[in-house]
2 protein chains.
Amino acid sequence: MEALVQKKTPRSTIADVAREAGVSKAAVSFAFNTPERLSTDTVTRIREIATGLDYRPDPVARMLAHRRTWTIGLLTPQGLDFIFTNPYFGEFSAGVATAAEAAGMSIQFISPLHGSLSRAIDRASVDGIIAVGLGVDHPEIDQIRRSRLPYVLIDSTALPDEPAIYVDDEGGARAAAAHLIELGHRSFVILGIEPPEAGSGTDPAWVSARRLSGYRSAAAEVGLDISDESVVTGPASMEGGAAALHRAWERGLRPTAVLAMSDAMAIGAMRAVREIGLRVPEDVSVVGFDDLDVAQYTNPPLTSVHQPNRAKGAEAVRIVLDGGRHGDPLASAQHHFTTHLVVRGSTASAPQLRQEVVDDGM
Amino acid sequence: MEALVQKKTPRSTIADVAREAGVSKAAVSFAFNTPERLSTDTVTRIREIATGLDYRPDPVARMLAHRRTWTIGLLTPQGLDFIFTNPYFGEFSAGVATAAEAAGMSIQFISPLHGSLSRAIDRASVDGIIAVGLGVDHPEIDQIRRSRLPYVLIDSTALPDEPAIYVDDEGGARAAAAHLIELGHRSFVILGIEPPEAGSGTDPAWVSARRLSGYRSAAAEVGLDISDESVVTGPASMEGGAAALHRAWERGLRPTAVLAMSDAMAIGAMRAVREIGLRVPEDVSVVGFDDLDVAQYTNPPLTSVHQPNRAKGAEAVRIVLDGGRHGDPLASAQHHFTTHLVVRGSTASAPQLRQEVVDDGM
DNA sequence: GCGGTTTAGCAAACCGGTTTAGCCGACCGT
DNA sequence: ACGGTCGGCTAAACCGGTTTGCTAAACCGC
């Protein structure tokens with residue numbers, strides 16, 4: 001025990017370098033940050049001694065003195081195990097990371113710590129916050145505001161007067177449903193995204209609700225009503241999508257088309273369809289949402305609503321760096337993105353004889 | 001009634017709370033950290049005033065005083081845009097994150113900053129480092145050592161006397177190749193992982209080299225020689241895998257089986273095979289490496305070498321938290337994992353008439 | 001040789017917490 | 001009444017950097 005502690009050579013500090021070089025701490029600091037304030041030979045001497053001592057300025061001390069952390073927080077109500085294995089977050093985070101790095105910032109993930117998102121926010125040392133998927137009913141949104149840090153809301157409830165990035169979820173969903181209707185489909189199952197916390201389900205402005213209303217609005221145009229029974233929800237993962245579709249099937253639903261609110265769920269649904277013994281798209285069409293990279297690699301390639309995942313991340317960084325709501329006009333702290341449908345191989349004309357085929361098969 | 005509050009209200013500090021409560025800074029600190037040192041009513045009074053002032057202890061100042069950051073660094077030579085969209089890293093990171101959170105630690109990604117991994121390491125404020133995919137020729141490995149932080153090497157060159165997690169890459173690869181050989185395949189293309197930086201390619205202990213030697217050892221058992229020409233490399237992504245297979249095809253290679261060193265590449269390869277006009281597995285068998293979650297969702301489901309992606313992450317956290325090489329016996333800072341082949345639908349018997357079919361088709 | 005301006009570097013305050021050493025008064029037994 | 005103990009709290013040092021005056025010497029033109 002004791003021996004172990006002594007074995008640990010303490011890291012050298014700025015004071016060590018100053019003493020060794022026979023200068024003040026300030027001089028050492030200058031040598032690294034504003035070398036023009038010192039004579040060139042003093043600078044080189046200090047630097048040599050510093051490297052000889054393996055000196056590395058302590059980032060934490062520097063943060064404290066500067067009152068900046070050079071870090072942007074990426075806040076999500078879901079746990080990191082979910083986030084990191086979710087390809088949508090992957091692409092979004094990649095967009096954030098690229099833009100952050102260009103600005104010399106690093107990113108830190110803020111997600112529930114021992115179940116408490118609030119605690120995680122308190123412990124996070126960041127200069128700004130990008131909050132993903134927070135609904136109005138999340139009290140954390142107020143906590144963020146009180147932290148006086150610049151922030152921006154993504155995939156959130158549409159709130160006026162908040163720095164936020166909006167995506168035309170409803171328009172994209174409408175296009176997806178219209179596409180299927182045009183192909184002759186009339187019987188749908190919708191795979192909805194389960195909110196990370198209970199209670200948000202009724203929030204009329206939540207992402208899932210916006211997309212649902214898009215689907216319904218397209219259906220309404222041909223006099224079709226999508227009942228609540230044909231909407232099944234689950235986590236936005238492949239597994240969640242497969243489970244949801246199986247559940248729908250067990251409930252007796254026999255759709256010719258599946259509208260998934262995320263590509264991950266759509267991929268899960270495609271597998272579930274195959275497991276049931278049907279083919280995509282001959283028997284069942286599937287359309288996703290997000291247009292992930294992987295949508296081009298599925299078999300068949302996935303028809304999906306495109307939204308600019310990486311660009312959303314980059315734009316979020318811009319807003320936070322501009323000061324979020326502390327920036328001058330709120331308008332510049334808001335941004336709207338459009339969506340569009342990308343048709344690939346997972347959608348086809350509705351089967352005329354589906355009902356009989358299924359009956360035969362069962 | 002009150003004087004106009006400046007829009008930029010500074011955050012309240014421990015001194016503000018102390019003044020307001022008529023106590024010392026120490027008392028405020030005690031009220032939050034060791035309340036038993038204070039009388040209960042003093043504690044409640046201080047806490048009330050603190051919440052009234054929206055006081056939140058500055059994490060950075062706390063880190064400096066404690067000389068701990070409660071953060072583990074996850075270091076990769078690849079950029080974050082690659083990392084976040086790579087499902088293998090996703091699963092590994094999820095394992096790290098889950099274990100870290102259980103220990104009350106957060107994680108920070110350390111990856112090249114403006115092209116320099118070295119600079120990124122200097123700027124990182126962490127208590128330990130998990131380094132993924134660093135080869136012997138990476139000078140950063142020495143920089144990490146000099147930082148005197150506990151660390152552990154993953155997917156790295158096998159080095160003696162280093163805290164590290166080893167995976168039986170060679171055995172897994174051998175099993176994959178043996179499986180194909182048993183199915184009658186004799187003509188292979190190998191999709192290798194391109195090292196993040198040039199130069200590592202010749203490193204005999206690099207992951208890619210270990211897997212390759214596994215493939216070759218299985219081939220050698222039936223007197224087969226896998227030439228360097230049939231090994232094409234690319235980034236470990238779906239796109240990289242597709243491109244690599246197309247490149248192989250253009251070079252005139254006509255394999256009946258593809259051995260991909262990552263599942264992402266395998267998925268890309270499957271798409272490329274379909275684009276060429278062939279079927280998986282009837283015309284070409286494909287086997288991956290990693291056994292990602294998504295391997296169960298591809299069509300056909302992907303045969304792959306299983307390695308414990310999440311467990312690797314969790315074990316890495318354990319080692320770093322135990323002090324890495326500063327822990328007592330080095331043995332406890334090393335860990336070996338086994339691999340095994342999971343056979344699914346992407347592999348089948350070698351086609352007897354493949355050559356003719358292709359000739360017809362072209 | 002003289003005031004005035006640079007230049008090079010220092011001392012000390014500061015960032016916002018934690019922690020140690022110690023003070024003071026209340027309570028206690030005798 | 002007295003020394004001892006203890007609970008409750010404070011003053012001050014500290015973590016490791018940055019930054020703001022400020023000084024002393026060198027440099028300048030005349």
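Convention: sequence-line order gives letters A, B, ...; per-chain numbering from 1. Computed over heavy atoms, backbone and side chain alike; hydrogens, waters and symmetry mates excluded.
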To the nearest Å, how far apart are A/Ile14 CD1 and C/dC10 P?
12 Å

Rounded to the nearest Å, what distance is computed from the CZ atom of residue A/Phe32 to the C1' atom of nucleotide D/dT18?
14 Å

Rounded to whole Å, please give me the gap between CD in B/Glu36 and C1' in D/dG7.
13 Å

Can you find a side-chain donor-acceptor pair between B/Gln143 and B/Ser118 that sits under 3.5 Å?
yes

Do side-chain atoms of A/Ser93 reach the backbone of A/Phe89 as a donor and acceptor pair under 3.5 angstrom?
yes

What residues in residues 39-67 of chain A put a non-hydrogen atom under 4.0 Å from any atom of DNA chain C?
A/Ser39, A/Thr42, A/Leu64, A/Ala65, A/Arg67

Touch check for B/Val23, heavy atoms < 4.0 angstrom, all strands: base, sugar-phosphate only, or nothing?
sugar-phosphate

Gap between atoms CZ and C1', on B/Arg68 and D/dG16 respectively (whole Å):
18 Å

How long is the line joining CZ of A/Arg37 and C1' of C/dG9, in whole Å?
9 Å

Taking CG from A/Leu38 and C1' from D/dT19, how many angstroms apart are they, rounded to a whole number?
14 Å

In this structure, how many angstroms lie between the P atom of C/dG17 and the CZ atom of B/Arg11, rounded?
7 Å

Does OP1 or OP2 of D/dT10 have a side-chain N or O of B/Ser24 closer than 4.0 Å?
yes

Closest to the B/Ala26 side chain, choosing from D/dT19, C/dT19, C/dG17:
C/dT19

Do A/Gln78 and A/Asn86 have side-chain N/O donor and acceptor atoms under 3.5 Å apart?
no

Between A/Arg145 and A/Glu162, does a salt bridge (charged side-chain N to carboxylate O under 4.0 Å, His left out) hold up when you go through it step by step?
CA-CA 10 Å; A/Arg145 229 182 270 118; A/Glu162 290 285 354; 2.8 Å; yes

Taking ring pair (Phe, Tyr, Trp, His ring centres under 6.0 Å) as the test, write out the residues that go with B/Phe84, two or more places apart.
A/Phe109, B/Phe109

Heavy atoms from C-beta onward define the side chain here; which of D/dT10, C/dC10, C/dA13 lies closest to that of A/Lys25?
C/dA13

Rounded to the nearest 0.5 Å, the CG atom of B/Asp58 sits from the CZ atom of A/Arg67 at a distance of 10.0 Å

Ignoring hydrogens and geometry beyond distance, is a side-chain donor-acceptor pair present between A/Asp127 and A/Thr69 at under 3.5 Å?
yes

For A/Thr13, which contact category applies under a 4.0 Å heavy-atom criterion: base, sugar-phosphate, or nothing?
sugar-phosphate

